[in-house]
Participant: 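Please read through the structure below; I'll follow up with questions.
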Amino acid sequence: MGRRSLGSQTMTTDTPDDGARRDAKAQMQMRRFYDRLESLLKRHQPIDYALFAAKALQEAMAVSDRSGIIVPPHHVLHSIEANCRYSRGQNHDSVDKNRFVQVLNAYAEHEDPLHSGLIEHGIDHLFLTLHREQIELQHVHARGDLARDLRLFILDNPLPRLSAQFLNERGLTIAEWFTLSFVTWAVANCVPRGCFTKRS
């Protein structure tokens, strides 16, 4: 495996053998993961599992302090699809909290090859993916988030080296980027379905 520099980022280049090994490992991980899902979900009918999962997700989102079960929405949706695939027609076991937690644990303990691959190409890609898969679905931003970010990154320039690096790489100061992001969010929330153009 080699490395080559592209601007300010370093990218990984794979040899054919590296790629083959990585692909074989990913396939083995996926087989184990889906075998585990099948063993957990095959005895439950889709109508029963989907209703239980939907109710658990609604209850988790209604708890403001997140003191209940952590229920990533994308994992719940995928588990409903998996249950439809693996369910056996002759089985009608009831779904309970213990089984649902076991299913969620299967997802939590699975190392997603996509995420591992994204790390190799840059931490930015990984965090963008995680944010779109989980964070923006599980957390509603409020004034406290804005105040914390302002204090951490902008007020009195607490991180001068980071600020200089950001300006050099992005062509914007952190304060300008923060302002642009907030304005974009505000405009998107004022327009149905978040559709807007530069003229908005």
Participant: Under 4.5 Å between any side-chain heavy atoms of Arg99 and His44, yes or no?
Facilitator: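 Side chain of Arg99 against side chain of His44, heavy atoms only: contact under 4.5 Å found.
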Participant: Which atom pair, heavy atoms only, marks the closest approach of Phe52 to Lys97?
Facilitator: CZ-N, 3.5 Å
Participant: Just so I know, are the side chains of Phe178 and Thr173 near enough to count as touching, which here means a heavy-atom distance under 4.5 Å?
Facilitator: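 They are not in contact (no side-chain heavy atoms under 4.5 Å apart), so the answer is no.
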Participant: Can you give me the closest heavy-atom contact between Val76 and Leu104, atom names plus distance?
Facilitator: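 Closest approach of Val76 to Leu104, heavy atoms only: CG2-CD2, 4.4 Å.
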Participant: For residues Asn91 and Gln45, report the shortest heavy-atom separation together with the two atoms involved.
Facilitator: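 Minimum heavy-atom contact is O-NE2, 2.6 Å.
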Participant: If you round to the nearest 0.5 Å, how far is OG of Ser163 from CG of Asn168?
Facilitator: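 So the CG of Asn168 and the OG of Ser163 are separated by 12.5 Å.
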Participant: Do the side chains of His110 and Met30 get nearer than 4.5 Å, heavy atoms only?
Facilitator: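 Yes - at least one pair of side-chain heavy atoms lies under 4.5 Å apart.
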Participant: Out of curiosity, Gln102 CD to Leu37 CG, how far, rounded to the nearest 0.5 Å?
Facilitator: 12.0 Å
Participant: About how many Å separate CG of Leu41 and CZ of Arg88, when rounded to the nearest 0.5 Å?
Facilitator: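 CG of Leu41 is found 10.5 Å from CZ of Arg88.
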Participant: Among the clusters formed by ILVMFWY side chains lying less than 4.5 Å apart, do Leu167 and Trp177 turn up in the same one?
Facilitator: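 No; Trp177 is not reachable from Leu167 via cluster members.
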Participant: So which heavy atom on Leu40 is nearest to which on Ala106, and how close?
Facilitator: CD1-CB, 4.1 Å
Participant: Counting distance only, does the side-chain N/O of Ser87 pair as donor-acceptor with the main-chain N or O of Cys84 below 3.5 Å?
Facilitator: no
Participant: Determine whether the side chains of Arg32 and Gln29 contain a donor N or O and an acceptor N or O closer than 3.5 Å.
Facilitator: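 On atom types as modelled, these side chains do not qualify, holding no pair under 3.5 Å.
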Participant: Please say yes or no: joined through hydrophobic side-chain contacts below 4.5 Å, possibly via intermediate residues, are Leu150 and Leu162 part of one cluster?
Facilitator: yes
Participant: Identify whether the distance between the nearest side-chain nitrogen and carboxylate oxygen of Arg85 and Glu38 falls below 4.0 Å.
Facilitator: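 No salt bridge links Arg85 with Glu38.
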Participant: Regarding Ser79 and Tyr49, is there a side-chain donor-to-acceptor distance under 3.5 Å anywhere?
Facilitator: yes
Participant: If I take atom CD1 from residue Ile174 and atom OG from residue Ser181, how far apart are they, to the nearest 0.5 angstrom?
Facilitator: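 Output value for this atom pair is 11.5 Å.
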Participant: Checking one residue: Leu51. Which other hydrophobic residues are in its cluster under the side-chain 4.5 Å linking rule?
Facilitator: Ile47
Participant: Please work out which of the three classes, parallel, tilted or perpendicular, describes the rings of Tyr107 and His78, given edges at 30° and 60°.
Facilitator: perpendicular
Participant: Minimum heavy-atom separation for Leu159 to Leu152, with atom names?
Facilitator: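 Taking Leu159 first and Leu152 second, the nearest heavy atoms are CD1-O, 3.7 Å.
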Participant: Are Arg151 and Arg148 side-chain neighbours, meaning at least one heavy-atom pair lies under 4.5 Å?
Facilitator: no
Participant: Of all the heavy-atom pairs spanning Leu180 and Leu172, show the shortest one and how long it is.
Facilitator: CD2-CD1, 4.4 Å
